[in-house]
Asker: 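Pasting a structure here, questions to come.
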Amino acid sequence: MKLHEYQAKELLAKFGLPIQSGGVAESVEEALEVAKKLASRELVVKAQVHAGGRGKAGGIALVSSEAELKDAAKRILALKLKTAQTAGEGIRVSKILIETRADIVKELYLGITIDRERGLPCIIFSTSGGMEIEELARRSPEKIIKLHFDPVIGLAEFRARELVLSQGLPLVLVQVITRLAKVFVDLDCSLLEINPLAIGSKGQVTLVDAKIILDDNGLARHPELEGLRDEKEEDSREIEASKFGLSYVGLDGTIGCMVNGAGLAMATMDLIKLAGGEPANFLDVGGSATTEKVTAAFKIILRDPRVKAVLVNIFGGIMKCDVIAQGIIDALKEVKMTVPLVVRLEGTNVEKGKELLKHSKISIITASELKEAAEKVVTSIHGHPRQ
Amino acid sequence: MGILANKNTRLIVQGITGSAGRFHAKQMLEYGTRLVGGVTPGRGGETAEGVPVFNTVQEAVQNTGANATVIYVPALFASDAVMEAASAGIKLIVVITEGIPPLDMIRVKLFLEKFPDVRLIGPNCPGIITPGECKIGIMPGYIHQRGPVGVISRSGTLTYEAVWQLTQLGLGQSTCIGIGGDPVQGMNFVDCLELFRSDAETEAVVLIGEIGGSAEEQAAAYIEKDFKKPVIAFIAGLTAPPGKRMGHAGAIISGGSGKAEDKIARLERAGVTVSRSPAEIGNTLKERLSYLVKRIS
């Protein structure tokens, strides 16, 4: 779950990390209120969106007067910035963060993530902050230092000290680094990124920007953080799906799919493409496909106006095919299927399941094999297979 | 012989009194697995599906001589269950549970360094089956047939799909291992390949991978160096978009790495035949091994 910069900073401040004074505003009036409480007139106004690249898109402004603040707040709150979820369209900026400007002499990069291969959390550090870390990794990998650490022990102070001293940086940075490692572990993050981590003219440290992504599995341990979710930044279908215990990812194609199992669901998308079609979504209906779940799944898939056909692919293991078939039939009493539906069942009680579908009053195209199922669904749109 | 799970496996179910634990305990017993007991703290003294329930894994081991466990414990308590099992002397730990925070798995694996002879499989996996001998997990037994093919997979139902294709072609399985869909896990492809390498019964391996991480790339490096038996593979997620978690916690293309096409290319360089279609997994192996099918029939 992604957090906004202002939310990340609030959490970090609670752990004793140094951030600039500031506040969040949702209107020009609120922005002026926030500014009144700040000690300086030299401020920075930042769009609060989950997207990266805010600066380039005009989402960050430096202001030195009330007039400039008003203009910047007005302009930025009217911006539509693109996010990964809303590829093509943008999200209207609804919140801005107004902060006192940091005194920056040096910009560092500090990121923490989980290194899957090593099976350990890893700090990624560079004295070349303020730029894209992937860009830096490409251009000058030698400028990146990695420190893996044991989450039970945390990052030992002596290791942070070694790092800081080897880079000629002020010792006050040591506690900042060990505390950031603690935040990562204590909050079950999947990513924590401070870019830039700034050193000022008096050697003071500031977290100028902060990005936190909380691990979806870890979130179950932190129910109080669930309230930080910004549903406006998420695909509403994904949110709807997760309420029913379904996994959904929207794509660009015209063939909706419903499958039990994530691996099989990905494979079904791949299969549709091989048959000449384009998948409209990924949807894992899970191991216990009840009528309620199947109904919810159909509704979510059909909300996409691009969907011209639907493929249901179920391999019934413990879940019996006749039970699933009945679930589909019952679901279709509530959901009107306005596009061709291909159902491929395999596994336990498959013959019973197919009989049920055959004798239902709903028009369902059945298939036994994977390849046949993909070809039938593509044909249902294009009138012929397309290989 | 099959690997890891066989007729000498004496299994307990941690979480046996929960609905999933109870249901699958019954299924495993019906398959012929030597299920000797179960553990649910506070329910010691009861019986579930005909086997005794204990309060702790230690008690279960003392009373039944159990050497393996399958864990159906909720996500936030599962890592504790793993550590308890290892501490009690259990040598094979299979974790079915999905949703375990990765930092918990990291802590578990660090804990298991004290127990180097313990094998951990999962989490978020269907389990392991040596057909006709021992089923540990939630897979449907009937789709399996005993034979010379080892199967290693990150998936659940996609594995069943592949196994069903193999069975229908007369290509039986020695052992099928679901290593699971999470980013931090127990045994990986290489660990399983090492065991298949020294298993005389296994003559070929089917590897089922997906986007995310570098397990398939590591497998490729091992295969080209040290694995002479034929390997075929299918990698799910060629059509997956970058940056999105596709159901499994570990199925995500991030920072440009973990793509299916890169895994496929790396595996092919190592001499692995990669099926581009999930419908052709069985046929791909059959073609690679036409002599094996003749021998069986």
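Order of the sequence lines sets the chain letters (A, B, ...), proteins ahead of strands, with each chain counted from 1.
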Asker: In Å, rounded to the nearest 0.5 Å, how long is the span from CD1 of B:Ile106 to NE2 of A:His148?
Answerer: 10.0 Å

Asker: Counting only heavy atoms closer than 4.5 Å, note whether B:Tyr142 contacts chain A via side chain, backbone, both or neither.
Answerer: side chain

Asker: Would one find more than 12 heavy atoms of other residues, nucleotides or ligands at under 6.0 Å from atom OH of B:Tyr222?
Answerer: yes

Asker: To the nearest 0.5 Å, what is the distance between CG (B:Leu158) and CE (A:Met266)?
Answerer: 8.5 Å

Asker: Relative to chain B, which segment of A:Glu369 carries a heavy atom at a distance below 4.5 Å: side chain, backbone, both, or neither?
Answerer: neither

Asker: Nearest 0.5 Å, what's the CG-CD distance between A:Leu370 and B:Glu280?
Answerer: 9.5 Å

Asker: Is B:Leu238 close to chain A through its backbone or its side chain, or both, or neither, when contacts mean heavy atoms under 4.5 Å?
Answerer: both

Asker: Counting only heavy atoms closer than 4.5 Å, note whether A:Leu120 contacts chain B via side chain, backbone, both or neither.
Answerer: both

Asker: Measure B:Gln185 against the heavy atoms of chain A and call it side chain, backbone, both or neither at under 4.5 Å.
Answerer: neither

Asker: Using a cut-off of under 4.5 Å for heavy-atom pairs, which of A:Val259, A:Asp215, A:Asp188, A:Leu264 has the most such pairs with chain B?
Answerer: A:Leu264

Asker: Return the option, out of B:Gly181, B:Pro101, B:Gly247, with the maximum number of heavy-atom pairs under 4.5 Å with chain A.
Answerer: B:Pro101

Asker: Got more than 12 heavy atoms from elsewhere within 6.0 Å of CZ, A:Arg237?
Answerer: yes

Asker: Heavy-atom distances under 4.5 Å only: say whether B:Ser155 touches chain A with side chain, backbone, both or neither.
Answerer: side chain

Asker: So what's closer than 4.5 Å to chain A heavy atoms on B:Arg245: side chain, backbone, both or neither?
Answerer: both

Asker: Quick check for you: among A:Asp284, A:Leu271, A:Thr268, A:Leu283, which has the greatest number of heavy-atom pairs under 4.5 Å with chain B?
Answerer: A:Leu271

Asker: Let me know if A:Ala265 has heavy atoms under 4.5 Å from chain B in its side chain, its backbone, both or neither.
Answerer: neither

Asker: Between B:Thr239 and A:Asp270, do the side chains contain a donor N or O and an acceptor N or O under 3.5 Å apart?
Answerer: yes

Asker: So, using ring pair (Phe, Tyr, Trp, His ring centres under 6.0 Å) as the criterion, who are the partners of B:Phe23 when residues are at least two apart?
Answerer: none

Asker: Rounded to the nearest 0.5 Å, what separates atom CD1 in B:Ile252 from atom OG in A:Ser190?
Answerer: 8.0 Å

Asker: Between A:Gly261, A:Pro151, A:Ser247, who has the most heavy-atom pairs with chain B when the cutoff is under 4.5 Å?
Answerer: A:Pro151

Asker: For chain A, find its close neighbours in residues 257-266 of chain B: heavy-atom separation under 4.5 Å, sorted by number, or none.
Answerer: none

Asker: Give me the atom names and distance for the closest heavy-atom approach of B:Arg276 to A:Leu274.
Answerer: O-CD1, 3.1 Å

Asker: Is the shortest side-chain N to carboxylate O distance from B:Lys244 to A:Glu238 below 4.0 Å?
Answerer: yes

Asker: Which answer fits B:Gln218, side chain, backbone, both or neither, if we ask what part of it has an atom under 4.5 Å from a heavy atom of chain A?
Answerer: side chain

Asker: For the pair B:Thr157 (side chain) and A:Asn260 (backbone), establish whether a donor and an acceptor sit closer than 3.5 Å, ignoring hydrogens and angles.
Answerer: yes

Asker: On a heavy-atom basis, which atom in B:Ala236 and which in A:Ala267 lie closest, and how many Å separate them?
Answerer: CB-N, 4.1 Å

Asker: Out of B:Pro242, B:Pro102, B:Gly255, which one racks up the most heavy-atom pairs below 4.5 Å with chain A?
Answerer: B:Pro102

Asker: What part of B:Ile208 gets within 4.5 angstrom of chain A, counting heavy atoms only: side chain, backbone, both, or neither?
Answerer: neither

Asker: Applying ring pair (Phe, Tyr, Trp, His ring centres under 6.0 Å), name anything that partners B:Tyr72, two or more places apart in sequence or on another chain.
Answerer: B:His24

Asker: So that I can tick it off, tell me whether B:Glu161 and A:Arg344 are bridged by a salt bridge, with the cut-off set at under 4.0 angstrom between side-chain N and carboxylate O.
Answerer: yes

Asker: Applying ring pair (Phe, Tyr, Trp, His ring centres under 6.0 Å), can you list everything that pairs with A:Phe149, at least two apart in sequence or on another chain?
Answerer: none

Asker: Pick from B:Asn188, B:Ile143, B:Ile100: which one has the most heavy-atom pairs with chain A under 4.5 Å?
Answerer: B:Ile100

Asker: Do you know which two heavy atoms are closest between B:Trp164 and A:Glu346, and how far apart they sit?
Answerer: NE1-CD, 3.3 Å

Asker: Taking all atoms of both residues into account, what is the closest heavy-atom pair of B:Pro140 and A:Gly317, and its distance?
Answerer: CG-CA, 3.6 Å

Asker: Counting neighbours of NZ on A:Lys352 that are heavy atoms of other residues, nucleotides or ligands and sit closer than 6.0 Å, is the number greater than 12?
Answerer: no

Asker: Taking the side chain as everything from C-beta on, heavy atoms only, tell me whether B:Pro183 gets closer than 4.5 Å to A:Ile114.
Answerer: no

Asker: Counting heavy-atom pairs under 4.5 Å with chain A, which one of B:Ala75, B:Ala162, B:Gly212 comes out on top?
Answerer: B:Gly212

